[in-house]
Amino acid sequence: MLDKRVNSLEEAVSGIQDGSVILIGGFGNAGIPVELIHALIDQGARDLTIVSNNAGAGRTDLSALLSTGRVRKIVCSFPKTSGSVVFDELYAAGKIELELVPQGTLSERMRAGGAGLGGFYTPTAVGTDLANGKETRMIDGREYVLEKPIKGDFALIKAERADRWGNLTYRLAARNFGPTMAMAAACTIVQAREIVDLGGIDPDQVITPGIFVHRVVAVPNPQPAGQA
Amino acid sequence: MLDKRVNSLEEAVSGIQDGSVILIGGFGNAGIPVELIHALIDQGARDLTIVSNNAGAGRTDLSALLSTGRVRKIVCSFPKTSGSVVFDELYAAGKIELELVPQGTLSERMRAGGAGLGGFYTPTAVGTDLANGKETRMIDGREYVLEKPIKGDFALIKAERADRWGNLTYRLAARNFGPTMAMAAACTIVQAREIVDLGGIDPDQVITPGIFVHRVVAVPNPQPAGQA
Amino acid sequence: MSQVLTREQVARRAARDIPDGAYVNLGIGLPTLVANFVPHDREVIYQSENGILGMGPAPPKGEEDLDLINASKHFVTLLPGAAICHHTDAFAMMRGGHLDLALLGGFQVSSDGDLANWSTGDEKSPPAVGGAMDLAAGAKAVWVLMEHVTRSGAPKIVERCTYPLTAPSVVDRIYTNMAVIDVADDGLLVREIIPGMDFEALQARTGARLRLANDWRPLNGV
Amino acid sequence: MSQVLTREQVARRAARDIPDGAYVNLGIGLPTLVANFVPHDREVIYQSENGILGMGPAPPKGEEDLDLINASKHFVTLLPGAAICHHTDAFAMMRGGHLDLALLGGFQVSSDGDLANWSTGDEKSPPAVGGAMDLAAGAKAVWVLMEHVTRSGAPKIVERCTYPLTAPSVVDRIYTNMAVIDVADDGLLVREIIPGMDFEALQARTGARLRLANDWRPLNGV
């Protein structure tokens, strides 16, 4: 029987090794897997590379993870926000490495990782500092930058509904990076507000097919992200 | 007011010029926009390049279009099927040009066209005749082939439900190439079984967002494809 | 004596030019105000990089939904006919040339239409780019809304940007608190100037050579 | 005297090795039969390139749905828990290494695991590749199910494929009507031979050098 459900947040994040690359969903405070991040903090893995659009706000979730000092590097598009107090301190102190990637390129690089591609040519960032040192190429009269795939060892994702095969739906703009990160990680770990029986999600309405998901844990009342 | 609905199949295919590249949805007989194809035949555009997974079956729809002699070239992955009688005759007579593309590469090339990418590296077809003459590259120890985007001047798509902004849903495996082709064409023309009011499709359940669609015509009782 | 436009007036002026039925992405800051001023008889579809097409106005207080925010992380609503997609598809819309218009803020715009709007090059502050580069490179047309000069009076329209570029040669039109300027193939063409300011005065506040359109008009903030 | 396996017996033998919970794509022809023989206590998820995950068996006559076909264009059903996706996502599954297993037919397999299964190189007939190359290049493991020799008795397991390749160095295991053979790093390793056939007889019907595994067993079609 194929059953991806696990009984606890602790079990959900078990086996995350030091040095892992972890993709963490969310944009602003929507779609952030708050409970999984706190379980990861409790689990204790260190020397992590985190790929996430923002670098945390307030003091909880991603900021709380950063403040443990266990994140070596963050790959993101928009680390500096009004609420990114923890990241700002670490960055100013030289205690965290930052790889800044344009948001669409970040998302597309993970998609390439998930889709088995070796890289792609994008017009984004051509002629800017963020293309410095990158290979460029003229194709049909337009200049493009070569970008390489990003793969995660793990992904932490927040979904609305799941079944035991790992099929997922999301709620509104909390979907954001979830479907792409799920594809791009060797082990995709999902917290879902609700786990339904097989067949409880209309096949036409599945957003992430279960093949991209490896563990599902129910978190019926998730906490909001970015709290003080 | 943004209203993509048109009142007739004739209006839906108006303005398709000779020499156009037309993406036509469908896999086997599922998802083929039969009525739009017959409207295109009536419309009379010639010297066409058709991009579609198969090359028609039976004597109707895509086969009927091919038999008009107005298709110069077909780009597809699987032209030869048990029912591809019309294509087989044209091909044997040297009356149609064929560009054979592995199915996933065909789909990915159209996606690249729709997503504004200049190309991508795929492992598919490496070391085979279908990579002959194509640029290859080692990336992280694996060999890849460079593939270029495909864009359509038009796409003909079959959907289940649409609204006047062009949002679409599809039914089961009739979805196939629809969402990707919709992204990849300058003018995407859709036949939908039903046109509903704005708000009649749950925002979380839209499969093709309206931005990728330009004309919608209602065809409440579409004919099956591939008839004799 | 000339009176420069308020931020609201700049937004109002730009709003007048958004065509009915356009797909539009509004950047953070001044561009966000534009939605308030689009004439009610036009149906404009707003896209947000986080996967929303068909954004509506801010919700009434107390009705905010944590799962419905825009790129500025402000609460929004959905219009009937809205669609949700994932991030990669949202950026396919942006990069792939599907948006009719991106209205963006700017630090500097050059006479070639180069845009600098993501970084002041301050090494102390961590850089943040978000979706600015994708949007600038990908939208069918890019309009920049900004003050004509900095607080200290330095021109923001320049021969060559000194701030790090967001994208080269992408800006089509500039709406400032003093003028409306097209970025044409042969340089900057002034379409409108605020009443009371003459061309020479505008040129004096601009770091690149301007030309005055034959059919130029007074810029009315409405 | 040895009795070669029927097509059904080959399918039945391969089915025994499919693990519980595996994501599997079954190629056109012989591999399609495998689904009929997977033990009922195993939950196997079948993927089809046209956007189906969780395919069930063929529908009863009269209950066919025109919108539910598999890669062979035969009517199928959906299991509870099935998911539909578009073609590009379906091939992301295939190319991206998400499928545990692809079971494919074969014209030829080489001792290096090269697979030829899409074209006989016949110039008169139009070529057709479908999803064969994506699947062969992308699945975590590729098993080939085929007759051991052609109708005229020529070996289909060869040192070097003479037919056009589908993908080089991808086959992990071969199930024929005479043997089960692993494609190991150091060559072809025979795991099972049909009763009554000895290694030398198998080698004589094979165009590449075989080695016999120490723990080889008789191949029972069950």
Side-chain angles (χ1 to χ4, degrees), chain B residues 25 27-31 53-55 57 76-84 87-88 90-92 96 98 100-108 110-111 114 122-131 143 160 170-183 207-208 222 224-226, chain D residues 28 48-53 55 65-78 82-97 112 114-116 118-119 121-122 124-138 161 163-170:
Chain B
F27 177 93
N29 291 330
N53 188 62
N54 304 104
C76 71
S77 88
F78 213 81
K80 172 72 186 156
T81 64
S82 56
S84 60
F87 171 80
D88 293 358
L90 290 168
Y91 185 81
I96 192 164
L98 169 67
L100 190 74
V101 182
Q103 194 171 168
T105 300
L106 183 67
S107 192
E108 192 70 25
M110 290 188 280
R111 182 190 177 274
T122 178
T124 299
V126 164
T128 77
D129 292 351
L130 295 190
E143 194 175 353
E160 177 66 5
Y170 303 85
R171 186 169 177 278
L172 302 171
R175 185 185 302 188
N176 58 66
F177 285 92
T180 303
M181 288 181 169
M183 288 173 62
I207 300 299
T208 292
Chain D
I28 294 177
S48 184
E49 64 195 27
N50 55 326
I52 307 177
L53 192 68
M55 251 189 319
D65 185 324
L66 292 176
D67 292 336
L68 269 184
I69 56 174
N70 64 14
S72 305
K73 282 87 175 179
H74 298 144
F75 292 110
V76 295
T77 53
L78 297 181
I84 299 292
C85 65
H86 61 55
H87 241 81
T88 312
D89 279 350
F91 277 85
M93 292 177 194
M94 295 158 70
R95 191 195 308 107
D112 291 334
D114 295 354
L115 172 63
W118 73 280
S119 167
D122 173 8
K124 280 170 294 183
S125 181
V129 63
M133 288 187 179
D134 306 279
L135 203 47
C161 295
Y163 287 144
L165 287 195
T166 305
S169 302
V170 293

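Protein chains get the first letters and strands the later ones, always in sequence-line order, with residue 1 at the start of each. Worth saying up front: this structure is predicted, and the values here are computed from it rather than measured.
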**Student:** Where is the tightest heavy-atom contact between Thr88(D) and Thr180(B), given as atom of each residue plus distance?
**Tutor:** OG1-OG1, 2.5 Å
**Student:** With rounding to the nearest 0.5 Å, note down the distance linking CD in Glu49(D) to CZ in Phe78(B).
**Tutor:** 8.5 Å
**Student:** Do the side chains of Met133(D) and Thr105(B) get nearer than 4.5 Å, heavy atoms only?
**Tutor:** no
**Student:** Provide the closest heavy-atom pair for Gln103(B) versus Gly131(D) in the form atom of the first, atom of the second, distance.
**Tutor:** NE2-N, 3.3 Å
**Student:** Of the backbone (N, CA, C, O) and the side chain (C-beta and beyond), which part of Leu78(D) lies under 4.5 Å from a heavy atom of chain B, both, or neither?
**Tutor:** side chain
**Student:** Would you mind checking which part of Ser82(B) comes under 4.5 Å of any heavy atom in chain D, side chain (CB onward), backbone (N, CA, C, O), both or neither?
**Tutor:** neither
**Student:** Which atom names give the shortest non-hydrogen contact between Asn50(D) and Ala173(B), and what distance separates them?
**Tutor:** ND2-CB, 3.9 Å
**Student:** Mind listing the closest non-hydrogen atom pair of Ala30(B) and Ile69(D) along with its distance?
**Tutor:** CB-CD1, 4.0 Å
**Student:** Would you say the side-chain atoms of Asp134(D) pair up with the backbone N or O of Gly104(B), donor to acceptor, closer than 3.5 Å?
**Tutor:** yes
**Student:** Heavy atoms only: give me the nearest Ser125(D)-Tyr91(B) pair and the separation to one decimal.
**Tutor:** C-CE2, 4.2 Å
**Student:** List in chain and number order the residues that pass side-chain contact (heavy atoms from CB on, under 4.5 Å) with Pro168(D), two or more places apart in sequence or in another chain; answer none if no residue qualifies.
**Tutor:** Asp114(D), Leu165(D)
**Student:** Determine the interplanar angle of the Phe27(B) and His87(D) rings, folded into 0 to 90°, and report it as parallel if under 30°, tilted if 30 to 60°, perpendicular if over 60°.
**Tutor:** tilted
**Student:** With a 4.5 Å cut-off on side-chain heavy atoms, are Thr124(B) and Phe91(D) touching?
**Tutor:** no
**Student:** Contact part of Ala125(B) toward chain D, heavy-atom cut-off under 4.5 Å: side chain, backbone, both or neither?
**Tutor:** both
**Student:** Who among Pro102(B), Ala174(B), Ala55(B), Ser84(B) has the most heavy-atom pairs with chain D under 4.5 Å?
**Tutor:** Pro102(B)
**Student:** So which of Ala167(D), Gly130(D), Ala92(D) has the largest heavy-atom pair count under 4.5 angstrom toward chain B?
**Tutor:** Gly130(D)
**Student:** Of all the heavy-atom pairs spanning Pro79(B) and Pro127(D), show the shortest one and how long it is.
**Tutor:** CG-O, 3.2 Å
**Student:** Please examine the side chains of Pro126(D) and Leu100(B), heavy atoms only from C-beta on, and report whether any two atoms are closer than 4.5 Å.
**Tutor:** no
**Student:** Given a strict heavy-atom distance threshold of 4.5 Å, which part of Ile52(D) is in contact with chain B: side chain, backbone, both, or neither?
**Tutor:** side chain
**Student:** Side chain, backbone, both or neither: which part of Thr166(D) has a non-hydrogen atom closer than 4.5 Å to chain B?
**Tutor:** backbone
**Student:** side-chain hydrogen bond (donor to acceptor under 3.5 Å, both in side chains): which pairs involve residues 170-179 of chain B, sequence neighbours left out?
**Tutor:** Tyr170(B)-Thr208(B), Arg171(B)-Asp65(D), Arg171(B)-Asp67(D)
